[in-house]
Amino acid sequence: MAGEDEDQAVPAAEAALPPVSGLDAKAAAAEHARLSDVVARANLAYYQEDAPFISDAEYDASKRRLEEIEAYFPELAHEASPTEQVGAAPDTRFAKIPHRLPMLSLENGFTEGDVESFVQRVRSFLNLAAGAALEITAEPKIDGLSLSLRYEGGRLVQAATRGDGAVGENVTANARTIADIPERLAGDDWPEVLEIRGEVYMSHADFEALNRSDSGRVFANPRNAAAGSLRQLDPAVTAARPLRFFAYAWGEVSAPFADTQMEAVRRMQDFGFQTNPLTRICTSVQDMLAAWAEIEQMRATLGYDIDGVVYKVNDLGYQARLGMRSTTPRWALAHKFPAERAWTRLEAIDIQVGRTGALSPVARLHPVTVGGVVVSNATLHNEDYIAGRGADGSEIRGGKDIRIGDWVEVYRAGDVIPKVADVDLAKRPSEAVPYVFPDTCPECGSPAIREEGDSVRRCTGGLICPAQAVEKLRHFVSRAAFDIEGLGAKLVEELFRDGWIAEPADIFTLQDRYGPGQLTQLKNREGWGEKSAASLFQAIEKRREIPLARLLFALGIRHVGEVAAQDLARHYGSWEALEAALDTARPAAVAHRLAEEAAQAERAAAAAEGRRARPSEARATALAQVDLPEEAANAWAGLIAADGIGPVLAMSLSDAFANARERAAIDRLVVHLTPLPPEKRATDSAITGKTLVFTGTLEKMTRAEAKARAEALGAHVAGSVSAKTDLLIAGPGAGSKAKKAAELGIKVIDEDEWLAIARG
Ligand code: IVH
């Protein structure tokens with residue numbers, strides 16, 4: 001198959017070629033030979049194999065160039081040239097049917113100038129006076145495949161594809177299965193012999209349903225699906241495919257049945273055919289261009305593919321006078337839309353790290369023209385998109401994954417970033433392997449982690465990731481964080497750009513490096529002076545003492561927002577306590593992360609196997625396999641027991657503190673600072689910030705109620721006694737815990753004393 005011959009598949013961008021008038025005979029001959037080959041192979045791939053390997057726009061460009069060369073160098077034109085051919089010779093699997101009247105192609109136009117010159121040519125051919133009226137119809141150009149239906153005595157006797165325009169393929173049995181094609185013409189006012197021509201196509205909805213169904217083959221687009229479905233040896237297969245048909249032209253007729261194109265359309269409707277409802281009459285070039293623009297606007301919502309607007313001279317008497325060139329009528333023009341989709345090779349996948357740490361895969365493509373623009377990059381969205389499946393196992397693109405080396409379809413709608421929409425598995429190189437999405441950040445090497453329910457993998461490098469550095473600094477100086485007077489987002493960006501500040505710690509050494517006595521000084525920067533520099537240094541000095549909650553928020557750790565930072569500050573009371581707890585809890589955080597991954601894997605496996613998922617079981621099994629030190633389990637329990645702190649936040653916090661390079665950046669910062677413990681709130685109680693343990697039987701409230709009450713008062717309730725326990729509430733039957741508390745010198749109270757505290 002021609003399409004598999006990848007090296008020669010994509011012709012050079014024709015736009016970059018020298019003007020034909022500048023070619024010498026030798027160069028022209030060489031280029032003519034090359035383009036003839038490309039166009040001939042493209043014809044074969046498109047018409048016979050239903051598997052195009054170049055975009056329509058590239059095909060059109062190649063063919064136009066070929067025509068131009070033949071116009072300048074007529075000796076190169078010959079009968080077998082692809083410019084003289086329509087489509088490809090019929091497939092030998094089907095019986096041949098010679099067309100009594102050739103099935104023509106259409107001249108293509110791309111610009112307003114092309115439309116103007118078409119009208120001008122028609123007018124001068126017909127010798128119409130400048131003011132004389134000329135009606136031209138405009139109708140969508142359906143992106144399907146053309147079919148000629150022969151009716152004799154009102155009965156369908158033969159259906160033929162276009163083939164090479166002179167001889168088509170007999171697909172009569174298949175055509176009979178299409179609902180839009182009447183077996184008998186309606187009414188009785190039809191010519192004895194009538195060949196109706198039109199387009200077989202598939203709607204978007206039917207195409208998607210077909211690709212989702214288990215019919216075997218996955219089609220790249222509705223046109224290929226329509227062609228593949230019509231050109232089936234077994235009509236039962238065609239019958240099962242939802243094909244449609246629009247009538248727009250005719251071939252042999254035993255008697256004329258209309259005087260104008262528009263009337264012919266209405267008559268074909270009367271005969272029982274679908275005709276396109278957007279067909280209209282235009283009376284000027286402006287009208288035609290307006291119709292084109294209007295139809296293009298509707299393109300996305302029509303529910304079937306169109307690739308341009310066809311203009312036809314309305315008066316059939318004029319059409320007859322205008323006649324045809326070798327393969328195209330003089331009375332029609334196809335005004336094409338810029339192609340919005342094109343196939344090309346995926347050369348590489350790059351990972352970009354966004355300002356917030358999101359890892360975004362970008363497709364590097366062999367350049368291709370899409371919608372009139374050369375595209376060499378396209379988004380691949382995220383990990384799941386490449387894999388062809390969501391984390392829950394649901395299918396994307398029918399479950400097809402994307403590999404480097406694949407032929408992919410690029411899609412561009414309006415101004416939106418191009419995206420890779422499809423992949424052709426038939427052209428997958430045998431050596432292509434599934435793409436493995438990186439689990440470390442390509443910018444800073446930190447682990448890149450994907451949280452449950454998040455489709456995006458994110459770098460955990462926070463402060464140390466260069467891709468995120470500016471964003472982190474902006475966040476660090478923001479109002480709810482360090483809020484340093486005079487050091488706003490704009491200045492911090494400037495200082496970053498100039499290399500004065502690379503990370504938050506650098507803010508606190510700014511004066512040492514750029515203050516009085518230094519070679520380069522802040523006061524000498526443009527727009528600065530002695531006073532302004534001094535007051536910035538002073539504002540920075542003032543912030544060396546910082547509320548713990550602000551510091552925690554300023555670090556920009558994922559999920560640690562303002563409220564969570566306050567909760568953490570209140571729960572731990574000091575930087576040291578928080579740091580110690582995170583270090584102790586680390587093994588538990590790792591175990592929980594692994595358990596979470598096991599739960600996710602279970603969900604995906606269940607979806608693939610079509611059974612109900614048991615994520616909690618998978619999570620529990622994974623956790624049971626880890627032998628956690630008791631103190632790690634306790635510290636973890638303490639962390640997630642804090643008000644407002646869930647496992648997701650706890651894991652994120654733990655990751656940040658466990659990342660050696662990020663921890664070093666935090667340490668470099670904290671040496672300059674004195675974090676202030678949270679101020680007591682009005683609602684604070686005797687047990688706020690304390691760690692409580694309950695033991696024995698509580699008689700006046702349940703254990704759950706006691707725990708909730710203690711937490712509401714700002715205490716942390718732990719499951720076992722340790723050096724960190726502040727208070728043990730011991731009911732009757734208290735055993736080892738009471739003993740341990742006594743040994744550690746921890747205060748022990750009974751239920752009544754607890755009730756006094758609980759009631760506030
Ligand atoms: S008129 C004499 N009208 O486009 C020409 N063709 O690129 C008869 N096509 O071969 C065709 N929509 O397969 C005509 N509204 C339309 C069309 C249309 C699609 C196809 C047709 C034709 C091809 C030329």
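Whatever order the structure lists them in is the order used to number ligands and atoms, beginning at 1.
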**Asked** Does at least one non-hydrogen atom of Met103 fall below 4.0 angstrom from an atom of ligand 1?
**Response** no

**Asked** Backbone or side chain, does any N or O of Ile142 fall under 3.5 Å from an N or O of ligand 1?
**Response** yes

**Message:** Working note: Tyr151 + Phe273, criterion ring pair (Phe, Tyr, Trp, His ring centres under 6.0 Å); need CA distance, chi angles, decisive distance, verdict.
**Reply:** CA-CA 13 Å; Tyr151 288 83; Phe273 292 96; 5.7 Å; yes

**Prompt:** Has ligand 1 got any nitrogen or oxygen that is less than 3.5 angstrom from a nitrogen or oxygen of Ser105?
**Reply:** no

**Asked** Between Tyr311 and His335, is the ring centre distance below 6.0 Å?
**Response** yes

**Asked** Where the side chain of Asn314 meets the backbone of Gln261, is there a donor-acceptor pair that is under 3.5 Å apart?
**Response** yes

**Message:** If I apply the N/O under 3.5 Å rule, does Pro140 come out as touching ligand 1?
**Reply:** yes

**Message:** Could you check whether any heavy atom of Arg197 sits closer than 4.0 Å to an atom of ligand 1, since that is the contact criterion I want to use?
**Reply:** no

**Request:** Report the C-alpha separation of Glu169 and Lys96 in whole Å, then their side-chain angles, then the decisive distance to 0.1 Å, and conclude whether the salt bridge (charged side-chain N to carboxylate O under 4.0 Å, His left out) test is met.
**Result:** CA-CA 5 Å; Glu169 298 152 344; Lys96 290 177 186 173; over 6 Å; no

**Request:** Would you mind listing which atoms of ligand 1 come within a distance below 4.0 Å of any non-hydrogen atom of Leu104?
**Result:** 2 (C), 10 (O)

**Prompt:** How are the rings of Phe246 and Tyr201 set to each other: parallel, tilted or perpendicular (split at 30° and 60°)?
**Reply:** parallel

**Asked** Listed by chain and number, what are the ring-ring contact (aromatic ring centres under 6.0 Å, His included) partners of Phe257, not counting sequence neighbours?
**Response** Trp250, Phe271

**Asked** salt bridge (Lys or Arg N to Asp or Glu O under 4.0 Å) with Asp143: which residues, sequence neighbours excluded?
**Response** none

**Request:** List the steps, then state whether side-chain hydrogen bond (donor to acceptor under 3.5 Å, both in side chains) holds for Thr238 with Arg241.
**Result:** CA-CA 5 Å; Thr238 310; Arg241 305 273 174 84; over 6 Å; no

**Request:** Any atoms of ligand 1 less than 4.0 Å from a non-hydrogen atom of Glu139? List them with their elements.
**Result:** 3 (N), 15 (N), 16 (C)

**Message:** Need the ligand 1 atom indices (1-based, order shown) with element for anything under 4.0 Å from a heavy-atom of Val310.
**Reply:** 3 (N), 15 (N), 16 (C), 17 (C)

**Asked** Is ligand 1 less than 4.0 angstrom away from at least one heavy atom of Ala332?
**Response** no

**Message:** Minimum distance, heavy atoms only, to atom 4 (O) of ligand 1: which one of Arg162, Lys141, Lys336 is it?
**Reply:** Lys141

**Request:** Would you indicate which of Tyr311, Tyr248, Trp250 comes nearest to atom 16 (C) of ligand 1 when only heavy atoms are counted?
**Result:** Tyr248

